[in-house]
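Since we're looking at a predicted model, the values are computed, not measured. Each chain gets a letter, A, B and so on, in the order the sequences are listed, and its residues count up from 1.
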Amino acid sequence: MPELPEVEVTRLSFADRIFGAKVVSVRMGKALRWPLGCNPALLAGRTVRAVRRRGKYLLIDLDHGVLLVHLGMSGSLIFSHQLPPSGVHDHFEMVTTHGTLRLNDPRRFGAVVYASSDETPEALKLLGKLGMEPLSDDFDVNLFHVGLGRRKAAIKQVLLAGDVVVGVGNIYASEVLFMAGIRPTVSSSRLSQPRVAKLHAAIREVLARAVAAGGSTLRDFSSASGKVGYFQLEAMVYGRDGQPCRVCGSHIKSVRQGQRATFYCPHCQKF
DNA sequence: AAAAGCCCCTGGATGC
DNA sequence: TGCATCCAGGGGCTTT
């Protein structure tokens, strides 16, 4: 579910509310992707200092240590004083003086990992190879060109890999390539500088607009305050196989790349 | 080093 | 109605 916009929308929906809260207790349910990495009881009494985001990870800074939270494919957070009784898919719960943070994740591809800082080997194993942040100033178009130039795989796959630029998942990869007029199957290294510049701008614009729309709610995404997103209504190609292109009217095509569906307009994205 | 495939897991939609 | 199959927003690990 969650790509950069959904993770950022989630962050914005509870960062201010949880700021300064003191942890009362932490409970882990069924195993997520990785073990927490510390005794949950050890976290009681610590104070939440910030909620940051790196790629699709949320980093919850405590006055000592940090929780790395990943939502996987089906995870969502909710933060509230008044939560219904926890269900079978609620696998992490942190009670604080400002409310309870709960992770619901049916498929359990998500994770909550504790590290004493984001520089420890355990944290770097998850964060160390991540690419540039697309919405920050360090997303430099020349560095982007160099990064893409080193890879011969299809541009869609290189975007998804997240080691050149982070946060672009399966929905937004198709959307971004549509906006840039680039065929998803073209080799990354064969993109000219002007086309890379167009892609760079498209990534920033699509992701920023998606954040503003509250993310995409395809099945069950909602922010930590329970709000659904609306960006899926603006999708130009994702999930629109066989439907007319909103720009030229051609039938949207679907192909599979690396076991994931890709959508594009054969006319607007000729090469 | 980079690329391609496999796999983790549950649930909803579709087809017979 | 029941059962099998396919598909889903991610990404680490293993094999080429």
Side-chain angles (χ1 to χ4, degrees), chain A residues 1-10 29-35 37 53-58 68-77 87-92 103-113 121-131 146-177 184-190 206-207 210-211 213-223 228-235 237-242 254-263:
Chain A
M1 156 194 30
E3 306 180 34
L4 183 147
E6 291 74 34
V7 177
E8 180 65 6
V9 164
T10 297
K30 222 168 167 180
L32 291 165
R33 181 158 202 174
W34 297 296
R53 182 188 54 73
R54 178 75 177 97
K56 297 172 189 166
Y57 284 91
L58 284 174
L68 312 181
V69 180
H70 199 290
L71 302 178
M73 284 281 260
S74 58
S76 61
L77 288 173
V88 285
H89 299 310
D90 295 324
H91 305 303
F92 170 85
L103 172 67
N104 181 274
D105 185 4
R107 293 177 73 179
R108 290 188 279 124
F109 291 169
V112 182
V113 174
E122 311 86 71
L124 285 176
K125 192 177 168 194
L126 303 179
L127 306 174
K129 287 184 181 167
L130 297 183
V146 171
L148 294 184
R150 283 199 260 260
R151 306 289 292 277
K152 294 192 173 160
I155 182 61
K156 157 85 169 351
Q157 314 256 88
V158 174
L159 291 178
L160 280 189
D163 46 4
V164 178
V165 62
V166 292
V168 181
N170 208 41
I171 297 178
Y172 299 107
S174 285
E175 292 301 311
V176 143
L177 289 166
T185 48
V186 74
S187 168
S188 174
S189 64
R190 297 192 56 165
V206 168
L207 295 183
V211 171
S216 295
T217 298
L218 260 47
R219 275 162 273 284
D220 49 11
F221 170 73
S222 63
S223 74
V228 298
Y230 295 94
F231 188 80
Q232 73 281 2
L233 303 174
E234 299 179 38
V237 290
Y238 183 83
R240 301 193 64 245
D241 189 18
S254 169
V255 293
R256 288 195 82 78
Q257 294 179 279
Q259 288 118 252
R260 319 289 300 272
T262 303
F263 302 87

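The CZ atom of A:Phe92 lies 13.5 Å from the CG atom of A:Asn104; values are rounded to the nearest 0.5 Å. Atom CG of A:Leu218 sits about 10.0 Å away from atom CG of A:Asn170, to the nearest 0.5 Å. A:Leu159 CG to A:Arg151 CZ: the interatomic distance, rounded to the nearest 0.5 Å, is 10.0 Å. For the atom pair OG (A:Ser174) and CD (A:Gln257), the distance works out to 8.0 Å, reported to the nearest 0.5 Å.
The side chain of A:Lys152 lies closest to B:dA3, out of C:dG10, B:dA3, B:dC9. Which of B:dT10, B:dA4, C:dG9 sits closest to the side chain of A:His89 comes down to B:dT10. Nearest nucleotide to the side chain of A:Arg151, out of B:dG11, B:dA2, C:dG9: B:dA2.
The distance from atom CG of A:Asn104 to atom C1' of B:dC9 is 14 Å, rounded to the nearest whole Å. Atom-to-atom, CG of A:Leu159 to P of C:dG9 comes out at 15 Å; the value is rounded to the nearest Å. Rounded to whole Å, atom P of B:dT10 lies 10 Å from atom CZ of A:Arg107. In this structure, A:His91 atom NE2 and B:dC8 atom P are separated by 17 Å, rounded to whole Å. The nearest whole Å value for the distance from the CG atom in A:Leu71 to the P atom in C:dA8 is 20 Å. Rounded to an integer number of Å, the gap from A:Phe109 CZ to B:dC6 P is 15 Å. In this entry the distance linking CG of A:Asp105 with P of B:dG11 reads 11 Å, nearest Å. Atom CG in A:Asp163 sits roughly 14 Å away from atom C1' in C:dG10 (whole-Å rounding).
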Report summary line: Readout for nucleotides 11-16 of chain C: B = base within 4.0 Å of protein heavy atom, S = sugar-phosphate only, - = neither; 5' to 3' it is BSS---
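A donor-acceptor pair under 3.5 Å is absent between the side-chain atoms of A:Ser222 and the main chain of A:Val228, judged by distance alone. A donor-acceptor pair under 3.5 Å is formed between the side chain of A:Glu3 and the backbone N or O of A:Ile171. For the pair A:Gln232 (side chain) and A:Thr217 (backbone), a donor-acceptor distance under 3.5 Å is present.
Side-chain nitrogen and oxygen atoms of A:Arg108 include at least one within less than 4.0 Å of the OP1 or OP2 phosphate oxygen of B:dT10.
Look at C:dG9: it lacks any Watson-Crick or wobble partner with both distances under 3.5 angstrom. Searching all strands for a Watson-Crick or G-U wobble partner of B:dC9 with both distances below 3.5 Å returns nothing.
Only the P atoms considered, C:dC3 is 23 Å distant from B:dC9, to the nearest whole Å. The gap from the C1' atom of B:dA3 to that of C:dG9 amounts to 23 Å, rounded to the nearest Å.
Residue A:Ala261 is classed as a sugar-phosphate contact, given heavy-atom separations below 4.0 Å to backbone atoms only. Counting any heavy atom pair closer than 4.0 Å across all strands shown, A:Tyr238 reaches sugar-phosphate atoms only and no base atom.
Between A:Tyr57 and A:His70, the two ring planes are perpendicular [angle over 60°; tilted spans 30° to 60°].
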